[in-house]
Undergrad: 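Pasting in a structure now, in C-alpha cells, and then I'll have a few things to ask.
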Amino acid sequence: MEPESPAFPVPKIEVKNFSAFYGKTQALHNVDFTIYERKITAMIGPSGCGKSTFLRSLNRMNDFFLDFRVEGSATLDGEEIYGPAVNPVLIRQRVGMVFQKPNPFQKSIFENVAYGLRIQGVKSRSVLSDIVEKSLKAAALWDEVKDRLNGSAFSLSGGQQQRLCIARALAVEPEVILLDEPASALDPISTARIEELMQDLKDRYTIAIVTHNMQQAARVSDRTAFFLDGTLVEVNDTTKIFTNPEDPRTEDYITGRFG
Amino acid sequence: MAENVLPEKGLSLYRKVRNALLGALTAVAFVLAVTPLLAIIYVAYDRGKAALSLSFLTTLPGGFPVGIEGGIANGIVGSLILIVIASLLSVPVGVWAGLYLWDQSHTPLAKATRLLSDLLLGVPSVIWGVVGFYVFSTNTGYGFHWGFSGLAAGLTLGFIMIPIVTRVTEQALRDVPRSYIEGALALGASRFQVVRGLAIPAAITGIGTGILLGVLNVLGQTAPLIFTNYYNTGIPKNLVGSNGSVGDLAMQIFIYIHEPSKGLHVKAMAAALVLTLIVLLLDMGIRLLAWGSRKYAQRMG
Ligand SMILES: Nc1ncnc2c1ncn2[C@@H]1O[C@H](COP(=O)(O)OP(=O)(O)OP(=O)(O)O)[C@@H](O)[C@H]1O
Ligand SMILES: [Mg+2]
C-alpha cells in the first residue's frame, strides 16, 4: 500500500448502496458516500431530505426507533457498522455525536465532561481531572469555566453549553465526530467559535456536519454532500460544489432557486 | 393567556363582555373547587374540637364504649404499618414495571401490562377487599390463612397501589427529554447506565409523587380493610393470625361514626381532622421536596 499522504485521503467511513427505512417510509435511497479521515465533510439539503437520518445511521443512534432498519453497507475502518457481532455501544464510543440543541446533563460542568469516562469505569479523580481539562481546552471552553467546574451546566450560555457538549464528546476520544446542525440554535458569535473550533479539531478527528447554512458549509468543510429527497445528489470538494457543481439540482439549491 | 397582553382599550364591547364573563366563571369555579377542602377542615374541626389534644394522638382508645376515652394512637400506628407493608410490595414492583413500560414501550408484553394496570386502576376497592379476604385471610380460602391481619390488609393495599405507582413512574420517565437520553447514548452509555444514572434521577420527583399518591390512596381506604383486617383498638404484636389486626385511622372513623354515641362521633371527627391534616402535610411535603430538588439540580447536579 502507498504511504499515507494528504493528497491521498484515507477513507474512514464508507457507505455503499445504503438505504434506510422508518417502517414503510424510505428515508434514504441507495446512498454511496465516503467520509475521509481528518477531513470535514458537510451535508446540506432541504429539510426532510434525510441528512439527520444519514448521520444518525453512522453511529446507530437510530436503533432506538423500533421500526428503523437499513439495507446496504456502511463501514467504519472497513468494519461493518451494522454487522451482526457489532456492539452498537462500542460504535458510539468511536463515533461521537453533538446534537442541534445543546443537551447538557443535569450535572455539574465537570461531571458532564466526565460522564463518558465514568460509564467506562474510570474512577481515578486525577485521571478524570486531566481528561476533563484537556477536553474543555480542546473545546475552547476551559478559560471560561475553569473557576466553576462544579457549577451547574445549565448556568452556561447556549453557545457555552454546545461547546460543553463537544467537550463531553471529545472526552471519550472518539475517532469520528458527527455534528447535527450544531450551531443552528446559537448566535453568530457562538457560531463563529464553533466553526473555529472545528478547524482546530480537524487535525485529530474526522468530522461530519449537517448544516442548513450554506455559507457555513462553504466556510468550514473540505467536502460537501448535497442530499435531496433521500438521495445523495452530489458529493465533491467543497470549492467544486460551490463554484462548479455537476448536477443542475445542486446548482439550483446553492443559488437559492429552491429549498 | 395571550389576550391579556393585548391593549385593553382597543377591545370591542363584545370582547369586553366576554372577558368579564369568563373572569366571573373562573372565579366561581375556583370557589367551588376550594370550598370542599375548607368545608372538610371546618366541619371536622367544629365537630371534633372537644376531643383534640396532644394526648389524643398518643393514647390508645379506652372506656366504654371503647374509644370514649383515650385517643387514636392505635390508628396512627396501624396506618403506618399498613403503609409500610403496602409500599414494600408496591414500590419495587411498580417502579420496575414502570421502567419496563417506558423502556420496552411497544412490545406486546408492555402493551398487555399497560392495559392490565389500567383495568386494575378501575377495580372498585371493595372487590380488592373480598378477593384479599379469600386469598390472604380466611381459613377456607385459597392461600395463606393469615386471618384478619395487618399483613393480609397491607398486601391487599399494596396490590391496589401497584398500578398507581406503575403508571406514574412510566409517565415520569416519559417526561425526561429524549435529547437528554440521546446525549448519554451517543457517549456510549448502555441502556442500563442511562436508566440508572440519568433517567431515574431526572424522573425521581415524579416517581416520588406516584408513590405518595399510592400512599394517600392507602390512607383513605376502608373497604379492603373491612374484609382483610377489620380493626384493632390496641397495637398488635403480630401481623398475622388471630391477634394480627392493626388499627387504622379511616376504619376508626368509620366504626366510631356507626356507634350510637355522641362522644364517639366527636372522636371520629377529631380523627378525621388529623387524617386530613396528615394527607395535606404529606402532599405539601412532596411538593416542597420536588421544588427543592429542582432548585438543587439547577444549581448543582
Ligand atoms: N423517527 C422517525 N420516524 C419516522 N420517520 C422519520 C423519523 N425521523 C425522520 N423521519 C422521516 O425521514 C425523512 C428524513 O428525515 P431527516 O430528519 O433525516 O431529515 P433532515 O434532512 O435531517 O431534515 P431537517 O433539515 O429538517 O433536520 C423525513 O421524511 C422524516 O419525516
Ligand atoms: Mg435533521
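What you see is a predicted model, and the numbers here were worked out from it, not measured in a lab. Convention: sequence-line order gives letters A, B, ...; per-chain numbering from 1.
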Undergrad: Could you tell me which non-hydrogen atom of A:Asn62 sits nearest to which non-hydrogen atom of A:Thr53, and how far apart they are?
TA: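 Distance-wise, the nearest heavy atoms are ND2-O, 3.7 Å.
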Undergrad: With only heavy atoms counted, which part of B:Arg196 is less than 4.5 Å from chain A, the side chain, the backbone, both or neither?
TA: neither
Undergrad: Within the 3.5 Å criterion, strictly below it, is a donor on A:Thr211 or A:Glu181 matched to an acceptor on the partner's side chain?
TA: no
Undergrad: When you check the side-chain N and O atoms of A:Ser108 and A:Asn150, is any donor under 3.5 Å from an acceptor?
TA: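 Judged by distance alone, the side chains do not pair up.
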Undergrad: Under a 3.5 Å threshold, yes or no: a donor from one side chain and an acceptor from the other, between B:Tyr100 and B:Thr107?
TA: yes
Undergrad: Who wins among A:Asn87, A:Val89, A:Asn59 for the most heavy-atom pairs under 4.5 Å with chain B?
TA: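 The answer is A:Val89.
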Undergrad: Between A:Gln100, A:Arg92, A:Arg56, A:Arg168, which has the largest tally of heavy atom pairs under 4.5 Å with chain B?
TA: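 That would be A:Arg92.
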Undergrad: For B:Lys111, check salt bridge (Lys or Arg N to Asp or Glu O under 4.0 Å) against everything at least two apart and list the hits.
TA: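 B:Lys111 satisfies salt bridge (Lys or Arg N to Asp or Glu O under 4.0 Å) with no other residue.
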Undergrad: Would you name the heavy atoms of A:Thr34 and A:Pro11 that are closest together and state the gap between them?
TA: CG2-CB, 3.6 Å
Undergrad: Could you look at B:Leu198 and say if it's the side chain, the backbone, both or neither that has a heavy atom under 4.5 Å from chain A?
TA: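 The side chain, not the backbone.
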Undergrad: What part of A:Arg60 is in contact with chain B, defined as an atom under 4.5 angstrom from a non-hydrogen atom: side chain, backbone, both or neither?
TA: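 The answer is neither part of A:Arg60.
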Undergrad: Show the nearest heavy-atom pair for residues A:Gln162 and A:Phe99, with the distance to one decimal.
TA: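 Looking at all heavy atoms of both residues, the closest pair is NE2-O, 2.8 Å.
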Undergrad: Tabulate, in ascending numerical order, the residues of residues 64-82 of chain A having at least one heavy atom closer than 4.5 Å to a heavy atom of chain B, or enter 'none'.
TA: A:Phe64, A:Phe65, A:Leu66
Undergrad: Short question: side chain of A:Ser190, backbone of A:Leu186 - any donor-acceptor pair under 3.5 Å?
TA: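 No; zero donor-acceptor contacts below 3.5 Å.
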Undergrad: Of the backbone (N, CA, C, O) and the side chain (C-beta and beyond), which part of A:Pro104 lies under 4.5 Å from a heavy atom of chain B, both, or neither?
TA: backbone
Undergrad: Shortest non-hydrogen contact from A:Leu55 to A:Ala208?
TA: CD1-CB, 4.0 Å
